[in-house]
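Scroll down for the structure; my scribbles are underneath it.
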Amino acid sequence: MDDVLKLISKTYTKDKYGVQKATETEREIFCEVRSIARNEFFEAGRNGLNPEYEFIIAEAEYQGESLIEYRGKRYGIYRTYIEPNTDFIELYAERKGGDNG
């Protein structure tokens, strides 16, 4: 694990007017970054996704977050995969417009 990313989770609460407000919580963790494999790129593209990175992190670090910040850019997690017989999980991320939320 030679790089760092931020896992971002969102919680929603209603204000006094009943309008939902999002609150983000960020955690920095160590990761390994890989390019998306060719077959992953094409399969995801068929489903309307734009994959950019595969992040490998310790499985215990992942708490179901849906967003990643890496090198100042935000990515949505569209798929996860727990590596068999290891303590690692793969997070597949795509860059989208807006806040990825």
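These figures come from a predicted structure and were not determined experimentally.
Shown here for Ile89 and Glu59, the closest heavy-atom pair between the two residues is CG2-CA, 3.8 Å. Minimum interatomic distance between Glu94 and Asn50 (heavy atoms only, all atoms of both residues): OE1-N, 2.8 Å.
Annotation: the span from Ser66 atom OG to Ile8 atom CD1 amounts to 8.5 Å, rounded to 0.5 Å. Rounded to the nearest 0.5 angstrom, Lys10 NZ and Glu65 CD are separated by 13.0 Å. For the atom pair SG (Cys31) and CG (Leu91), the distance works out to 9.0 Å, reported to the nearest 0.5 Å.
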Let me see the working for Lys73 and Glu52 under side chain to side chain contact (heavy atoms under 4.5 Å, CB included), right down to the final yes or no. CA-CA 11 Å; Lys73 294 182 182 175; Glu52 285 205 27; over 6 Å; no
Would you check, one step at a time, whether the test side chain to side chain donor-acceptor pair (under 3.5 Å) holds for Tyr81 with Glu83? CA-CA 6 Å; Tyr81 176 73; Glu83 295 182 7; over 6 Å; no
Could you go step by step and tell me if Ile36 and Glu54 meet the side chain to side chain contact (heavy atoms under 4.5 Å, CB included) rule? CA-CA 6 Å; Ile36 294 292; Glu54 174 186 348; 4.3 Å; yes
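Taking Ile29 as the reference, Leu5, Leu7, Arg27, Ile57, Glu61 meet the side-chain contact (heavy atoms from CB on, under 4.5 Å) condition, with sequence neighbours excluded. With sequence neighbours excluded, the residues that form a ring-ring contact (aromatic ring centres under 6.0 Å, His included) with Tyr53 are Phe55, Tyr70, Tyr75.
Counted within 6.0 Å of CG on Asp3, heavy atoms from surrounding residues, nucleotides or ligands total more than 12; the atom is thus considered enclosed.
Using a distance-only test at 3.5 Å, with no hydrogens or angles considered, no donor-acceptor pair links the side chain of Asn47 to the main chain of Leu49.
Tracing side-chain contacts under 4.5 Å through hydrophobic residues (I, L, V, M, F, W, Y), one reaches Ile82 starting from Ile77; they form part of the same cluster.
Using a cut-off of 4.0 Å between Lys/Arg side-chain N and Asp/Glu carboxylate O, Glu24 and Arg74 are scored as salt-bridged.
Using a 4.5 Å heavy-atom cutoff, the side chains of Glu90 and Tyr92 are in contact.
The ring pair (Phe, Tyr, Trp, His ring centres under 6.0 Å) pairs that include a residue from residues 24-43 number zero, where partners must be two or more places apart or lie in different chains.
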